[in-house]
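Taking it in order: structure first as structure tokens, then the write-up.
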Number of protein chains: 2
Amino acid sequence: MFQIEVLLSPALLPYHQVQNKHVIVVDILRATSTIVTAINEGANHVKTVLNAEEAAELKGEGYLSAGERNGAKMEGFDMGNSPFECMEGKVLNRKLALTTTNGTKCFNAAQEAGAKTILAGSFLNLDATVDWLINHPADCIVLCAGWKNKVNLEDTLYAGLLTQRLIDSNVATTEDDGALMAMDVLQMAGSDFADYLKKSSHYQRLSHLHHHEDMVYCLKQSTIEVVVGMKDNVLVKFL
Amino acid sequence: MFQIEVLLSPALLPYHQVQNKHVIVVDILRATSTIVTAINEGANHVKTVLNAEEAAELKGEGYLSAGERNGAKMEGFDMGNSPFECMEGKVLNRKLALTTTNGTKCFNAAQEAGAKTILAGSFLNLDATVDWLINHPADCIVLCAGWKNKVNLEDTLYAGLLTQRLIDSNVATTEDDGALMAMDVLQMAGSDFADYLKKSSHYQRLSHLHHHEDMVYCLKQSTIEVVVGMKDNVLVKFL
């Protein structure tokens, strides 16, 4: 039996022991959903970078520059942070440099904290991620990207579902109050996540930015079979 | 209508706007429950201090020194952090200098962040606190002390109940995902909080330290009619 903890915000990372644990980074709307989609659509890898300058520099080395700040596309970038921009062959055999408001920072933070493995978690590749974790048993931290270090409902919902799935598979347990809260949120959400999330702050923020299609897409479960994780400082297909 | 936010850990405080807001600090097990009890039992005031040295210094000035670290009483202190130590006239007309693992730091942090008013929240004086907030309408932050900057269920449960009560009174609303989560936890807890909290990490920690009576006491609702808040850097009876 391995242990699962859920960190509802990246601001909680310094207070948890991370070494030798798998860290599953989740930023449902939209960084990790886009990363998983990009890898599934044949991108070679995704490199998460902290700022526009670093993305521009990598563009000079042949990368596609991708990203957003406060939910909107950045000037001079090849693409924003929508999973739909990764489809129809646009990222096939390409490398992506991605910078976002919340999610991309978490990969770097998890790496600095000494994580054993770092995965990109999303509803899209939930089954694949659950299976990988069952086959690579070790204590897990689900790291919710939140919104500017505040907690958010959609990442918490994913954390609750991943935790519940692993517990139901009899491979994991939890004594972590963050994980228990996330499972409570999952129970309260019922089966219609989109309806439940209508009350969430981030959902409303993205609605105003006309990202409704993205949100519908990002809540679909297990439509993608790949596991995405970090190897040699970039996010690649694990299987 | 005023807005309510819930901060599930003190680590989230730097990411929320605090100025001109009431901050309700909550550390159910046990700092704020003990503070509210002490004031109700006739203590002149409670001064929250950050370390044992400061408490010892105030003892020289006539204070009762009180506190715990990791749930246990501290050597050389007049008392620990149990509400029962405040009863039977022991704190009547006395000043207390209190230092604890989690709760006491939050008062200082809220003050430094520029809170309009700082209250000590507990289940014990829930009705009185709700009434005071209704009569002093301003945006509110419920600041959960947690455990060493980790989230915990019992403080979240109080935050959810206080939020729900204020919303049900038609004086407040929330767009904060932390508050929405806390209300979900409240719903999942049902009416038997003690039973629900058996799964929580802190409850189990205190159980091991034989604080069962304290826990039963700290979950009683609205047995105390006083409101406790900060004035001139110390916690006093507001009404």
Side-chain angles (χ1 to χ4, degrees), chain A residues 3-17 28-29 101-102 141-142 144-157 159-160 163-164 167 173-190 196-205 207-208, chain B residues 3-17 28-29 101-102 141-142 144-157 159-160 163-164 167 173-190 196-205 207-208:
Chain A
Q3 285 282 337
I4 311 173
E5 290 156 87
V6 171
L7 276 55
L8 301 169
S9 155
L12 303 175
L13 192 62
Y15 308 106
H16 287 252
Q17 154 66 30
I28 292 297
L29 299 174
T101 311
N102 306 292
I141 286 179
V142 189
C144 298
W147 179 263
K148 297 184 178 180
N149 282 311
K150 294 179 182 180
V151 303
N152 78 28
L153 285 179
E154 65 274 17
D155 296 342
T156 303
L157 199 48
T163 303
Q164 193 71 63
I167 289 175
T173 182
T174 188
E175 295 174 357
D176 176 66
D177 282 7
L180 296 169
M181 277 185 217
M183 287 192 289
D184 278 357
V185 167
L186 174 72
Q187 288 299 316
M188 289 300 294
Y196 172 79
L197 288 173
K198 278 180 188 147
K199 63 180 177 176
S200 97
S201 56
H202 195 187
Y203 194 94
Q204 293 184 4
R205 193 179 302 114
S207 288
H208 296 149
Chain B
Q3 285 282 339
I4 311 173
E5 291 157 87
V6 170
L7 276 55
L8 301 170
S9 154
L12 303 174
L13 192 62
Y15 308 105
H16 287 253
Q17 155 66 29
I28 293 297
L29 299 175
T101 310
N102 307 291
I141 287 179
V142 189
C144 298
W147 179 262
K148 297 185 177 178
N149 283 310
K150 296 181 182 179
V151 303
N152 77 29
L153 285 178
E154 65 274 16
D155 296 342
T156 303
L157 199 49
T163 303
Q164 193 71 62
I167 289 175
T173 181
T174 189
E175 294 176 356
D176 175 67
D177 283 7
L180 296 169
M181 276 184 217
M183 287 191 291
D184 279 356
V185 167
L186 174 72
Q187 288 299 317
M188 289 300 294
Y196 173 78
L197 288 173
K198 279 181 187 146
K199 63 180 177 175
S200 97
S201 56
H202 194 187
Y203 194 94
Q204 292 184 2
R205 192 179 303 112
S207 289
H208 294 151

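Just so we're clear, the structure is a prediction, and the values are computed from it rather than from any experiment.
No other option in A:Ala11, A:Pro14, A:Gly178 has as many heavy-atom pairs under 4.5 Å with chain B as A:Ala11. Options B:Asp176, B:Leu153, B:Val6 differ in how many heavy-atom pairs under 4.5 Å they form with chain A, and the most are formed by B:Leu153. Annotation: maximal heavy-atom pairing with chain A below 4.5 Å, among B:Met181, B:Gln187, B:Glu175, occurs at B:Met181.
Remark: B:Met188 CE to A:Met188 CE distance equals 7.5 Å, nearest 0.5 Å. Once rounded to the nearest 0.5 Å, the distance linking CE of A:Met183 with CG of B:Asp184 reads 14.0 Å.
Of the atoms belonging to B:Leu8, it is side-chain heavy atoms, and not backbone ones, that fall under 4.5 Å from chain A. The part of B:Ser9 that comes within reach of chain A is its side chain, from C-beta onward, which places non-hydrogen atoms under 4.5 angstrom from that chain. When heavy atoms are compared at a cutoff of 4.5 Å, B:Lys199 approaches chain A by way of both its backbone and its side chain. Both the backbone and the side chain of A:Ser200 come within contact range of chain B, judged by heavy atoms closer than 4.5 Å.
Nearest heavy atom pair, residue B:Tyr15 against residue A:Lys148, reads CB-O, 3.8 Å.
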